[in-house]
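Down below is the structure, laid out as structure tokens.
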2 protein chains.
Amino acid sequence: MAIPRAAKTQRRTRIQEEKEEVILEAALDVFSVHGFRGSTIDQIAEVAGMSKPNLLYYFRTKEAMHRALIDRVLFTWLEPLRAFDANGNPESEIRSYIRRKLEMARDFPRESRLFANEMLQGAPHVEDELRGPLKSLVDEKAEVIRAWAKAGKIAKCDPYHLIFSIWSTTQHYADFDVQVRAVLGQEHSGEGRFEDAARYLEQLFVDGLRMRHT
Amino acid sequence: MAIPRAAKTQRRTRIQEEKEEVILEAALDVFSVHGFRGSTIDQIAEVAGMSKPNLLYYFRTKEAMHRALIDRVLFTWLEPLRAFDANGNPESEIRSYIRRKLEMARDFPRESRLFANEMLQGAPHVEDELRGPLKSLVDEKAEVIRAWAKAGKIAKCDPYHLIFSIWSTTQHYADFDVQVRAVLGQEHSGEGRFEDAARYLEQLFVDGLRMRHT
DNA sequence: TGTAATGTTTACCAATCGGTCAAATTATCC
DNA sequence: GGATAATTTGACCGATTGGTAAACATTACA
């Protein structure tokens, strides 16, 4: 008797690990572009190079697949913010946070689009994570920023909206990639656009937060 | 003989105008949340309060409906950028551009999400508009900003990435509304968040562009 | 008021959707 | 090598998809 997803042995087979990896990779391809409802199991199966029933052997439903994908990606996605160090130098912390977020937009655009799709749909699958872990993490880091401002290390500003603006500006280069490339034109659409963006954003945020001694 | 969409008289009936309006309104509701592929004609018909064949009498295909919607919304959406005045005061022009974009995010979030969905999918339906009219408009305004910088009216910065960052930060409050509200928590999720955002963003961009006389 | 054009509905279609099932195949372990 | 468990497949299911055909109802206009 075949029991899907190792319900019996509790231990995952080599084949299971490999196939689940392949499937989630394919699912990321599809979900990130078409969102949950716009994606089909057939399409994911085709990208994964296996038959639909075979895919459904590993993930019993489309939702289970999406769920597993979100879970896996969510942790990685928040890594840069988690690395934000309260004891570091404010300017360099913010600078490196921007750089890391921008690198992720460049290197993991599908992950960014997966979340963007989820947000556009009203986060029906992750709203709990937003209100729970995400909010806690942001609250914590916002407090750090607020403390820096209080100590006169950076200019006063709303730390939540600061974080929002760093998120939005950096992820924009992943989520709106087509638009960015179309507007920049063919000559400026090389990978150099990420360095231009990094230069610009670091200037924007760091200069804006520098204390004005006037 | 019934010929859809007044192919014969070339003039639109009162009923046609009304129904097409109702349909596009419903289509905006649905497309903006689920994207093109994730939306169904049945769903739009239900929201529009009419039968599917009746809806298909006005728009022969799902694509035609989407096309009409995009066309109608695109023009309005670029209005703030078009209003960007080369002869105005740089600081107040940028300030009011931010304010207008933020007002649109607040008042027309569905329109914002419609485009966001389209971008995430690689703009399969509007890529021409991006490379054509949009790029032209941005090129024009970028030149204005560049001229201001050259004249010493504002600090030097990449005008394209400046525009991108204004787009992304403002539209974030429409597209990622769920996340924003979840992170801000119930107490700060009232409509006041737009005013907080406006204050923050005006400070961020205007201070960042102010010339430093040090 | 009659009539032609416009608008609406019911019934339907083939294709695709998410998902199941049982049989066949392959891997694992003694 | 054989038993057993894990994996894969093709055939299939009911529901939903985008869209059509034709009958029916309503409107506009002479």
Side-chain angles (χ1 to χ4, degrees), chain A residues 1-24 26-27 29-31 33-70 121 124-125, chain B residues 1-24 26-27 29-31 33-70 121 124-125:
Chain A
M1 184 179 23
I3 297 175
R5 303 215 278 138
K8 199 168 192 176
T9 55
Q10 299 291 30
R11 186 198 289 250
R12 296 165 72 227
T13 309
R14 174 184 54 84
I15 294 184
Q16 268 169 37
E17 278 182 37
E18 288 174 7
K19 289 293 166 90
E20 285 178 13
E21 180 63 38
V22 170
I23 291 171
L24 289 180
D29 263 4
V30 178
F31 280 135
V33 172
H34 296 109
F36 182 74
R37 281 188 34 176
S39 303
T40 71
I41 300 181
D42 295 80
Q43 195 182 356
I44 296 169
E46 195 193 328
V47 174
M50 62 181 74
S51 66
K52 181 167 61 169
N54 195 185
L55 185 153
L56 285 166
Y57 171 73
Y58 293 101
F59 295 94
R60 265 176 291 219
T61 64
K62 190 177 160 185
E63 295 224 2
M65 215 160 56
H66 190 255
R67 175 88 250 162
L69 192 56
I70 291 270
Q121 287 159 36
H125 304 97
Chain B
M1 180 181 26
I3 296 174
R5 301 214 280 137
K8 201 168 191 175
T9 56
Q10 299 291 30
R11 186 199 288 248
R12 296 166 73 226
T13 308
R14 173 183 56 85
I15 294 181
Q16 267 170 39
E17 277 180 38
E18 289 174 8
K19 289 294 167 88
E20 285 178 12
E21 180 63 37
V22 170
I23 291 171
L24 289 180
D29 263 4
V30 178
F31 280 135
V33 172
H34 296 108
F36 182 74
R37 280 189 35 177
S39 303
T40 70
I41 300 182
D42 296 79
Q43 196 182 356
I44 296 169
E46 194 192 329
V47 174
M50 63 179 76
S51 66
K52 180 167 62 169
N54 195 184
L55 185 153
L56 285 166
Y57 170 73
Y58 293 101
F59 295 94
R60 264 176 293 217
T61 64
K62 189 178 162 186
E63 295 224 1
M65 215 158 57
H66 190 256
R67 176 88 250 161
L69 191 56
I70 290 270
Q121 287 161 35
H125 305 98

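Keep in mind the model is a prediction, meaning the values are calculated, not measured. To find a chain, count down the sequence lines: A is the first, B the second, and so on, and within it residues start at 1. Side chains are part of it too, since the values below use all heavy atoms of this structure and drop only hydrogens, waters and symmetry mates.
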Close N or O pairs between protein and nucleotides 13-18 of chain C (under 3.5 Å):
{"residue": "C/dG18", "atom": "OP1", "partner": "A/Ser39", "partner atom": "O", "Å": "3.2"}
{"residue": "C/dG18", "atom": "OP1", "partner": "A/Lys62", "partner atom": "NZ", "Å": "3.1"}
{"residue": "C/dG18", "atom": "OP2", "partner": "A/Ile41", "partner atom": "N", "Å": "3.0"}
{"residue": "C/dG18", "atom": "N7", "partner": "A/Lys52", "partner atom": "NZ", "Å": "3.0"}

Item to check | A/Asn54 vs D/dT7: side-chain N/O to OP1/OP2 distance below 4.0 Å | outcome: no
Item to check | Test side chain to side chain donor-acceptor pair (under 3.5 Å) applied to B/Glu63 - qualifying residues, sequence neighbours left out | outcome: none
Checklist entry - Just by modelled atom types, is the B/Ser39 backbone N or O under 3.5 Å from a matching donor or acceptor in the B/Lys62 side chain? => result yes
Checklist entry - Taking the side chain as C-beta and beyond, is there a heavy-atom pair between A/His66 and A/Phe59 under 4.5 Å? => result no
Checklist entry - Residues in side-chain contact (heavy atoms from CB on, under 4.5 Å) with A/Pro124, at least two apart? => result A/Glu118, A/Gln121
Could I get a table of every N or O pair under 3.5 Å where one atom is in the protein and the other is in nucleotides 28-30 of chain D?
{"residue": "D/dA28", "atom": "OP1", "partner": "B/Arg14", "partner atom": "NH2", "Å": "2.9"}

Item to check | Any B/Gln16 side-chain N or O less than 4.0 Å from OP1/OP2 of C/dT6 | outcome: no
Item to check | Test side-chain contact (heavy atoms from CB on, under 4.5 Å) applied to B/Ile41 and B/Leu55, B/Val30, B/Thr61, the passing residue | outcome: B/Leu55
Next on the checklist: Does C/dT8 have its OP1 or OP2 closer than 4.0 Å to a side-chain nitrogen or oxygen of B/Lys19?
Outcome noted: yes
Checklist entry - With A/Glu18, which residues qualify under side-chain contact (heavy atoms from CB on, under 4.5 Å), at least two apart? => result A/Arg14
Item to check | Within residues 37-53 of chain A or reaching into it, pairs that qualify as salt bridge (Lys or Arg N to Asp or Glu O under 4.0 Å) - sequence neighbours excluded | outcome: A/Asp42-A/Lys52
